[in-house]
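Below you'll find the structure, written out as structure tokens, and then a few comments.
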Amino acid sequence: MNRSMKSQWAVLLLIAISLLGCYKDEAALKKGPTPYQLNIPAGLPAMVIPADNPLTVEGVYLGRMLFYDPILSGNNTQSCGSCHLQQHGFTDGLKYSVGIDGIEGKRNSMPLINLGWQSSFFWDGGAADLESQALDPVVNPIEMHDTWENALSEIKAIPMYQHLFKKAFGIDEITVPFVVKAIAQFERTLISADSKYDQYKRGEAFLTPLELQGMDLFTDMSKGDCNHCHVLGSTFSDFAFRNTGLDSIPVDEGRYMITWNPSDKGKFKTPSLRNIALTAPYMHDGRFNTLLECVEHYNTGFHYATNLDPNLYTAQKGRMSQQEMEAIVAFMHTLTDENFMQNADFLPVR
Ligand code: HEC
Ligand code: HEC
């Protein structure tokens with residue numbers, strides 16, 4: 001075979017391969033996206049997924065791309081992942097989050113963990129589902145400060161996204177509802193329930209005497225009484241809104257800003273305590289730097305505010321010794337899930 005014949009064959013082969021590729025792509029598009037097998041660990045209930053946004057392999061992948069893509073922000077410098085970092089349990093480690101214009105917000109970034117079990121989002125529950133939650137940060141002037149019109153036109157200009165949206169949702173025209181659907185799909189995969197505590201529950205690990213003491217105090221109604229709100233096991237929260245007496249007159253009125261019901265003044269969503277050792281600083285305004293400061297707040301620091309939760313109102317100040325507070329902190333450290341932290345599926349796509 002001479003040289004030109006060889007290259008002719010090579011060209012033919014390339015055409016054949018690309019035709020086959022196209023054929024396979026066409027076939028895959030016809031078949032529709034692949035359902036995503038969500039592994040719900042023992043100890044967590046079934047996840048309620050909206051009927052109009054089932055999880056698919058293609059949708060989760062697209063959501064992961066978008067979550068880490070700074071084109072969703074006004075000057076293309078900030079992505080969702082900038083304020084929700086895996087190494088900080090999907091928070092940013094700051095007291096207040098800082099947006100693209102360098103402006104500080106008034107609230108502490110929230111961990112994105114086990115979101116599929118929550119029915120309201122933000123510290124004040126201002127968003128009812130994950131899909132609508134994702135609408136906010138993109139246009140929030142102290143966060144990504146973009147317009148959806150602009151973000152959408154930038155997404156549309158990238159051929160890869162045209163292709164990925166077609167694969168995930170079968171659509172030719174990318175629209176905002178599909179952008180947030182994809183992000184929500186990715187967020188629902190951020191499941192954490194493999195901490196030392198979980199391994200202990202499954203009989204695979206031991207807790208130290210101090211950690212066990214902390215667990216007892218956590219549920220003991222005359223001591224920690226944490227269990228009333230951060231319910232032991234499962235998601236470690238009932239996600240109800242409560243005033244924990246951080247201030248006698250709340251600076252941030254929390255839930256009240258959403259409902260305008262005076263009995264909601266100073267109430268915030270009870271956060272999960274999973275991976276809590278990784279998400280400092282703490283509370284809606286990041287006022288506490290350590291877990292011990294948090295326990296001290298419940299032991300001695302809380303204020304008798306108007307809407308103070310009855311469980312705290314009746315709690316005796318100073319009911320826990322220093323050693324007991326430290327035991328509760330030790331127990332909270334058993335809620336760190338190393339496998340979740342190291343799961344490469346949650347990192348930006350390389
Ligand atoms: C500038 C930093 C910043 C950026 C960028 C950002 N977030 Fe957040 N996120 C926060 C802060 C702060 C809160 C708490 C806000 C509040 O309660 O008012 C939050 C809350 C959330 C919550 C609520 C969690 C819960 O348990 O209620 C979700 C979900 C979330 N963000 C997802 C996203 C997504 C998706 C994006 C990208 C589209 C994004 N965030 C971009 C800082 C940020
Ligand atoms: C009455 C319900 C209630 C009780 C009891 C309670 N908590 Fe909380 N906890 C909350 C709420 C609500 C918040 C959020 C408060 C805020 O930021 O305004 C919170 C926040 C926290 C935080 C910070 C979480 C974060 O992501 O910043 C920690 C840590 C914590 N609680 C630990 C405990 C411990 C330990 C106990 C027991 C000693 C306890 N809590 C008792 C309702 C409660």
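Counting starts at 1 for both ligands and their atoms, in listed order.
Looking at atom 28 (C) of ligand 2, its nearest protein heavy atom turns out to be Leu273 CD2, 3.7 Å. Nearest protein neighbour of atom 23 (C) of ligand 1, counting heavy atoms only, is Phe122 N, 3.6 Å. Shortest contact from atom 27 (O) of ligand 2 to any protein heavy atom: Met283 N, 2.7 Å. Ranking protein heavy atoms by distance to atom 35 (C) of ligand 1, first place goes to Glu187 OE2, 3.3 Å. Remark: minimum distance from atom 12 (C) of ligand 2 to any protein heavy atom is reached at Phe268 O, 3.4 Å. Scanning the protein heavy atoms around atom 42 (C) of ligand 2, the nearest turns out to be Thr244 CG2, 3.5 Å. The protein heavy atom nearest to atom 38 (C) of ligand 2 is Cys226 SG, 2.8 Å. Regarding atom 26 (O) of ligand 2, its nearest protein heavy-atom neighbour is Ile276 CD1, 3.7 Å. Protein heavy atom at the shortest distance from atom 16 (C) of ligand 2 is His284 ND1, 3.3 Å. Protein heavy atom at the shortest distance from atom 18 (O) of ligand 1 is Arg107 NH1, 2.9 Å. For atom 25 (C) of ligand 1, the closest non-hydrogen atom on the protein side is Lys269 NZ, 3.3 Å. The nearest protein atom to atom 17 (O) of ligand 1, hydrogens excluded, is given as Trp123 N, 2.9 Å; this is a heavy-atom distance. From the protein, the heavy atom lying nearest to atom 21 (C) of ligand 2 is Tyr298 OH, 3.4 Å.
No donor-acceptor pair closer than 3.5 Å links the side chain of Thr270 to the backbone N or O of His230.
Note on ring orientation: taking the six-membered ring where Trp is involved, the planes of Tyr200 and Tyr197 are tilted (angle from 30° to 60°). In this structure, Trp123 and His284 have perpendicular ring planes: the angle between them is above 60°, well past the 30° mark. In this pair, His297 and Phe288 present their aromatic rings tilted. The plane angle is within the 30 to 60° band. Ring geometry for Phe340 versus Phe346: interplanar angle of 30 to 60°, hence tilted.
Remark: ligand 2 atoms within the under-4.0 Å shell around heavy atoms of Cys294 are 29 (C). Heavy-atom proximity to Met332, at under 4.0 Å, picks out these atoms of ligand 2: 35 (C). Every atom of ligand 2 with a heavy atom of Cys229 under 4.0 Å away is listed here by number and element: 1 (C), 2 (C), 3 (C), 4 (C), 5 (C), 42 (C), 43 (C). Counting the atoms of ligand 2 from 1 in the order shown, those under 4.0 Å from a heavy atom of Asp309 are 1 (C). For ligand 1, the atoms lying closer than 4.0 Å to a non-hydrogen atom of Asn108 are 12 (C), 14 (C). Listed by number with element, the atoms of ligand 1 under 4.0 angstrom from any heavy atom of Ile183 are 35 (C). The distance from ligand 2 to the heavy atoms of Leu246 drops below 4.0 Å at these ligand atoms: 16 (C), 18 (O). For ligand 1, the atoms lying closer than 4.0 Å to a non-hydrogen atom of Leu130 are 29 (C). In summary, the atoms of ligand 1 found under 4.0 Å from a heavy atom of Val98, numbered by their order in the structure, are 1 (C). Every atom of ligand 2 with a heavy atom of Ile328 under 4.0 Å away is listed here by number and element: 35 (C). Each of the following atoms of ligand 2 lies closer than 4.0 Å to a heavy atom of Leu291: 29 (C). Close approach of ligand 1 to Gln118 is summarised as follows: ligand atoms under 4.0 Å from at least one heavy atom of the residue are 26 (O).
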side-chain contact (heavy atoms from CB on, under 4.5 Å) assessment of Asn307 paired with Phe241: CA-CA 11 Å; Asn307 293 323; Phe241 297 92; over 6 Å; no
Working for side-chain contact (heavy atoms from CB on, under 4.5 Å), residues Asp216 and Leu212: CA-CA 6 Å; Asp216 285 343; Leu212 285 169; 5.6 Å; no
Full working for side-chain contact (heavy atoms from CB on, under 4.5 Å) between His145 and Ile103: CA-CA 11 Å; His145 202 183; Ile103 305 173; over 6 Å; no
Intermediate values then yes/no, salt bridge (charged side-chain N to carboxylate O under 4.0 Å, His left out), Arg107 and Asp124: CA-CA 10 Å; Arg107 296 211 177 135; Asp124 53 21; 3.0 Å; yes
Derivation of the ring pair (Phe, Tyr, Trp, His ring centres under 6.0 Å) call for Phe302 and Tyr304: CA-CA 7 Å; Phe302 64 89; Tyr304 292 97; 5.5 Å; yes
Pair Asn53-Gln185, side-chain contact (heavy atoms from CB on, under 4.5 Å): steps then yes or no: CA-CA 8 Å; Asn53 194 19; Gln185 285 193 33; 2.8 Å; yes
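Two residues are said to be in side-chain contact when any heavy atoms from C-beta on lie closer than 4.5 Å; Glu104 and Val98 meet this criterion. For the pair His163 and Lys166, the minimum side-chain heavy-atom distance is 4.5 Å or more. Asp309 has its side chain out of reach of Asn243: every pair of non-hydrogen atoms, C-beta onward, lies at least 4.5 Å apart. Side-chain contact between Val138 and Val176: absent, with no pair of heavy atoms (C-beta onward) separated by less than 4.5 Å. In this structure, the side chains of Ile71 and Tyr161 come closer than 4.5 Å at one or more pairs of heavy atoms. For the pair Arg202/Asp194, a side-chain contact is recorded, criterion being any heavy-atom separation below 4.5 Å from C-beta on.
His303 and Leu246 get closest at one heavy-atom pair: CD2-O, 3.2 Å. Contact between Pro54 and Ile49 at its shortest, heavy atoms only, is CA-CG2, 4.2 Å.
Contacts between Thr270 and ligand 2 below 4.0 angstrom, taking non-hydrogen atoms only, involve backbone and side chain alike. Looking at Lys267 against ligand 2, nothing comes within 4.0 Å, counting heavy atoms. Neither the backbone nor the side chain of Asn299 comes within 4.0 Å of ligand 2, counting heavy atoms alone. Of all the heavy atoms of Asp92, none lies under 4.0 Å from any atom of ligand 1, so neither backbone nor side chain is involved.
Neither Met221 nor Leu217 shares a network with the other; the hydrophobic side chains, linked directly or stepwise wherever heavy atoms of I, L, V, M, F, W or Y lie under 4.5 Å apart, form separate groups for each.
Taking distance alone, with nitrogen or oxygen atoms compared against 3.5 Å, Asp225 stays at or beyond that limit from ligand 2.
Of the charged side-chain nitrogens involved, at least one lies within less than 4.0 Å of a carboxylate oxygen, so that Asp198 and Arg274 count as a salt-bridged pair.
Residue contacts with ligand 1: Ser79 is included, with a non-hydrogen atom under 4.0 Å away.
Screening the protein for N, O or S atoms under 2.8 Å from atom 8 (Fe) of ligand 1 yields 1; no waters enter the count.
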